[in-house]
Amino acid sequence: MSSSDEETPLATVRRKKLVSKHKTSTLESEDDSDSNDGKIKTPTTSLSEEEADDVPLKKRKIVTKTSVKKATVKKEPSSQVAKAPRKRKAKSEEPKFKKDETPKIKTEDEEEEESYKWWEEQDLNGEVVWNTLEHNGVIFPPEYEPLPSKVKLIYDGKPVSLPPAAEEVAGFFAALIESDHGKNPVFQKNFFADFLEVLNENGGCPDAKITDFNKCDFSKMFDYFQKQKEEKKALSPQEKKRIKQEKDQMEEKYKFCYLNGRKEQVGNFRVEPPGLFRGRGAHPKTGKLKKRVQPEDITLNLSKDAPVPPAPEGHTWGEIKHDNTVAWLAMWRENVLGSVKYVRFAQNSSLKGISDFKKFEKARELKNYIDAIRKDYQSKLRSELMIDRQLSTATYLIDIFALRAGGEKSEDEADTVGCCSLRYEHIFLKPPNTVVFDFLGKDSIRFYQEVEVDPQVFKNLRIFKKSPKKPGDNLFDRIDPSVVNKYFQSYLPGLTAKVFRTYNASKTMQDQIDLIKNEGTVNEKVVNFNAANRTVATLCNHQRTVSKTHEAGVQKINERIEEMFWKKIIAKRMILQLDKALKKKDPAYFREIDDLNKETEQQVMERFLDKEKEKLEKKYERDLLKLGYEEISKDEKKKRKDELAAEHKERLEKHKELVKTTKQEFKTQKYEIKASQTVEKLQQQVEKIELRIKNTSLQLKDKEDNSQVALSTSKINYIDPRLTVMFSKKFDVPIEKLFTKTLREKFAWAIDSADENWRLELLQIEVAGLEVTVGLFQTSGEVSSVSITSWRLLLVLLLSWSGLDLLLLVLGWLRRGSKHTRDSGTDGVSDSRTDSDTSGGGGHLREQTWLLLLGLHRAAVRVVLGRCSHGGCLSGVGWGGSWSWSSSG
DNA sequence: CTATCAACTTAGAACCGTAGTT
DNA sequence: AACTACGGTTCTAAGTTGATAG
């Protein structure tokens, strides 16, 4: 599994191994034959792992890691100063500034920051992420306010006093007693242990010796919190508004920072308040106390010459840093897991935008390599080297089923897995080639899929499960994410497992959008868009727990549908009652009357009547309550009260009447028909009801479809936003219907730069009868200095270029992104940039220069495309990944 | 090497405000 | 006009990844 193996041709590797050792990690190639698939011929099989040095990465989980690293909250800031920077590029502690840029900070009234378009900038690469950074630090949560003395924890039946610090912790739990966390035994145990610790550190409980969780009754505290919530809710709108305004005002200055002199938003400027750690799934540490973060725990990161924001009264900051190679403003170490928490820039900041853009460009680039990668892993599936089999099989799973990489996890985390950490028990093999995946992935979300796989993948999985492997053992014992990623990088620098998820998600979305017909109302188009979105979410296994109210909601809708159907039937019966002859004329129309059986009808009827009555009662209650708030004399109140009561009584009488007639009608099937209800009117009514049933059913289906699938995660993280923008423009759906305000801000770069023809594909053109796909690359200095003056293909040059034998250099002007076209290259580069000027979309791309580089290499064509933006470059892609491409012609 | 860690992205739950009913 | 279901926002946990320490 050493990387040198990968570099060397297989045969060589094998020979080497065979020489050095009798048993190797090779597979007999015969095992590919159908007759003994999965079985290894030689008894001294390479697969056996009695071979201690036959490189299984490690024996899973058996060795307990000395997890004694014990999340120490370091009290000494200096211990951290000592820590060397972990990035190679940050070798020197000195902040790096681009030579010609002097840090300067713009004054506030130069408010042009709104329109800053980083995507028109030249150089988005490089290790320095900021040149100047100024900010106001962080907001701390309010100090704890002890509960009123009457609100107490009940221990063993008696109210007891607690020192404020312990009371606070008890309160954290009390607030959760009704939730799933509060009922979770692990949560309870962890909470109680930490609670006791805090209690004892603070002098203990004066009234009782608290030792038993089960003797604790938190309900009084819980009730108090509930009451407080209600009081807050009951405040007048003006009061609420005032409070909010005050809060906003005090937070205002923390919301923004100055990044390279431009005002940009800060993301999470509030320090996380203390509380109980809410680990997901079966997390061993769930319920542990997350301690209050002090200013002394916090490291600030800002420009050397930026003013250091004052620490809260009586406090000092833990440390002040000036590291401009990282993108955080403040950090602290959290005590439960010992991990670091950062204060970062907001999603709409340029820095976030840049890395988002790069992410999607990288995924787009993968498109040019995916065929080769697939071809490669297909053949590697039969490799004689165990590591190659595992590598190719893992790649298959990552590519086809969008699995995550699956890094190893420690004992004190929830037991969840991804591709490389899949274990024996996570897959079931059903011959001939069906695999059932059943495991918990990130956030303990279940991944369950029964799928058919490539026969060779099936064979390999069977080999990976072969005895003596048993439950608990890793399926992939010779690879881990770093091995897999290294393998990916041999195709394309920067290619990692997660890029596959991004790529496949965006590709799926584009394919789905391509299937949508441009017709119907805007709302219908949005529904179609969401359906496409949903296929992506399903691919990525983005789930949400079915809300507690879901079941009830569905039932409610179903009941509504039943009720509508019932009313429809009644209308039809009335029609017949008015004109019996109609039944003969149109029997189909009346057939469904028989679909409603007696029992169901009675149920529906009774439910309807009950509901009606309930409505009356509710209204009465509300009216009384409202009366209570009114500021009028007592006498007046009494009078009104009596009036309401009388009114209510009257309504109840009416209802009784309704009950009687309805039941009568049900029994006799004879209906009281008002004069206004003619056959025609009734038929109209039926139509109306039918439409309502249809709509409600659609709504129900949507609700069901969306109940378990979360669309937002894929929309935010996986689907190239330019696809959404393309959809918006092509289908004339306002972008507001597809992106919320925050998403529009986050994806401003996409909204600005994509048009209705935007595609993931990077230009297809035809050169000398060869159809070629052209990819993106990063321009080097020489190329970016080429200037171009026409939008048509300008020149075709033959020149030699670093590493490529022959190069066909095509320079062209392209209008806004590449256009996908199969039959004609020049079309792809075509005209119509005039209308883009009026569209107001993004004029800047007019300036954009496209550079196409086609490398001709023997019968194959090496293809690269450079895209330079006015002398600068947008993409972050290097040369290294160019590869042979056989023409489709 | 291997284990660990910093720094970043991705994730669902909780919370909150409001649009769309009834 | 009140209520409530819902969408949107906030919060913070849980991943990935590549560098580095030992």
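Atoms considered below: every heavy atom in the structure, side chains included; atoms not considered: hydrogens, waters and symmetry mates.
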Worksheet, complete the sentence: Across all chains, not counting sequence neighbours, the ring-ring contact (aromatic ring centres under 6.0 Å, His included) partners of A/Phe173 are A/Phe191, A/Phe213, A/Phe218
Fill in: Phosphate OP1/OP2 of C/dC11: any A/Asn268 side-chain N/O under 4.0 Å
no
Fill in: Rounded distance in Å - CG (A/Asp480) to P (B/dT4)
14 Å
Discussion item. If you compare every side-chain N and O of A/Lys359 against the phosphate oxygens of B/dT10 (OP1, OP2), does one of them come in below 4.0 Å?
Written reply: yes
Worksheet item: If only side-chain N and O atoms of A/Lys290 are considered, is one of them under 4.0 Å from the OP1 or OP2 phosphate oxygen of C/dA13?
Response: yes
Worksheet entry | Sugar-phosphate, base or nothing in reach of A/Arg344, heavy atoms under 4.0 Å | base
Worksheet, complete the sentence: Taking C/dT17, C/dT10, B/dA7 as options, the one with an atom nearest any side-chain atom of A/Tyr342 is B/dA7
Worksheet item: Does A/Thr742 place a side-chain N or O at less than 4.0 Å from the phosphate oxygens OP1/OP2 of C/dT9?
Response: yes
Fill in: Residue pairs passing the ring pair (Phe, Tyr, Trp, His ring centres under 6.0 Å) test where at least one lies in residues 697-719 of chain A, sequence neighbours excluded
A/His542-A/Tyr718
Worksheet item: Given C/dT16, C/dG15, C/dT12, which nucleotide is nearest the side-chain atoms of A/Lys409?
Response: C/dG15
Worksheet item: Is any side-chain N or O of A/Ser482 closer than 4.0 Å to OP1 or OP2 of C/dT17?
Response: no
Practice prompt. Please check the phosphate of C/dG18 (OP1 and OP2 only) for any side-chain N or O of A/Gln489 closer than 4.0 Å.
Written response: yes
Fill in: Between A/Thr286 and A/Asn190: side-chain donor-acceptor atoms closer than 3.5 Å
no
Worksheet item: Which residue pairs pass the salt bridge (charged side-chain N to carboxylate O under 4.0 Å, His left out) test with at least one member in residues 706-721 of chain A, sequence neighbours excluded?
Response: A/Asp720-A/Arg722
Discussion item. Looking at C/dG7, I'd like to know if its phosphate oxygens (OP1 or OP2) sit under 4.0 Å from a side-chain N or O belonging to A/Thr740.
Written reply: no
Item to complete: Using heavy atoms to find the nearest nucleotide of DNA chain C for A/Val499 and A/Gly279 separately, return the residue whose nucleotide is more 5′.
Response: A/Gly279
Practice prompt. Report yes if a side-chain nitrogen or oxygen of A/Lys341 is closer than 4.0 Å to either non-bridging phosphate oxygen (OP1 or OP2) of C/dT12; otherwise report no.
Written response: no
Practice prompt. Let me know, please, whether A/Gly441 or A/Glu272 comes out on the 5' side of the other along DNA chain C by nearest nucleotide.
Written response: A/Glu272
Item to complete: Using a 4.0 Å heavy-atom cut-off across all strands, classify A/Gly406 as base, sugar-phosphate, or nothing.
Response: sugar-phosphate
Fill in: Residues which pass side chain to side chain contact (heavy atoms under 4.5 Å, CB included) with A/Glu647, listed by chain and number, not counting sequence neighbours
A/Leu644, A/Arg651
Item to complete: Can you figure out which of B/dC8, B/dT9, C/dT9 approaches the side chain of A/Trp328 most closely?
Response: B/dC8
Fill in: Criterion salt bridge (Lys or Arg N to Asp or Glu O under 4.0 Å) on A/Arg270 and A/Glu251, from CA distance to verdict
CA-CA 9 Å; A/Arg270 271 181 281 264; A/Glu251 290 184 345; 2.4 Å; yes
Worksheet entry | Footprint string (nucleotides 11-22 of chain B, 5' to 3'): B base within contact, S backbone only, - free, heavy atoms under 4.0 Å | SBS---------
Worksheet item: How would you list, by chain and number, every residue that makes a side-chain hydrogen bond (donor to acceptor under 3.5 Å, both in side chains) with A/Glu230, sequence neighbours excluded?
Response: none
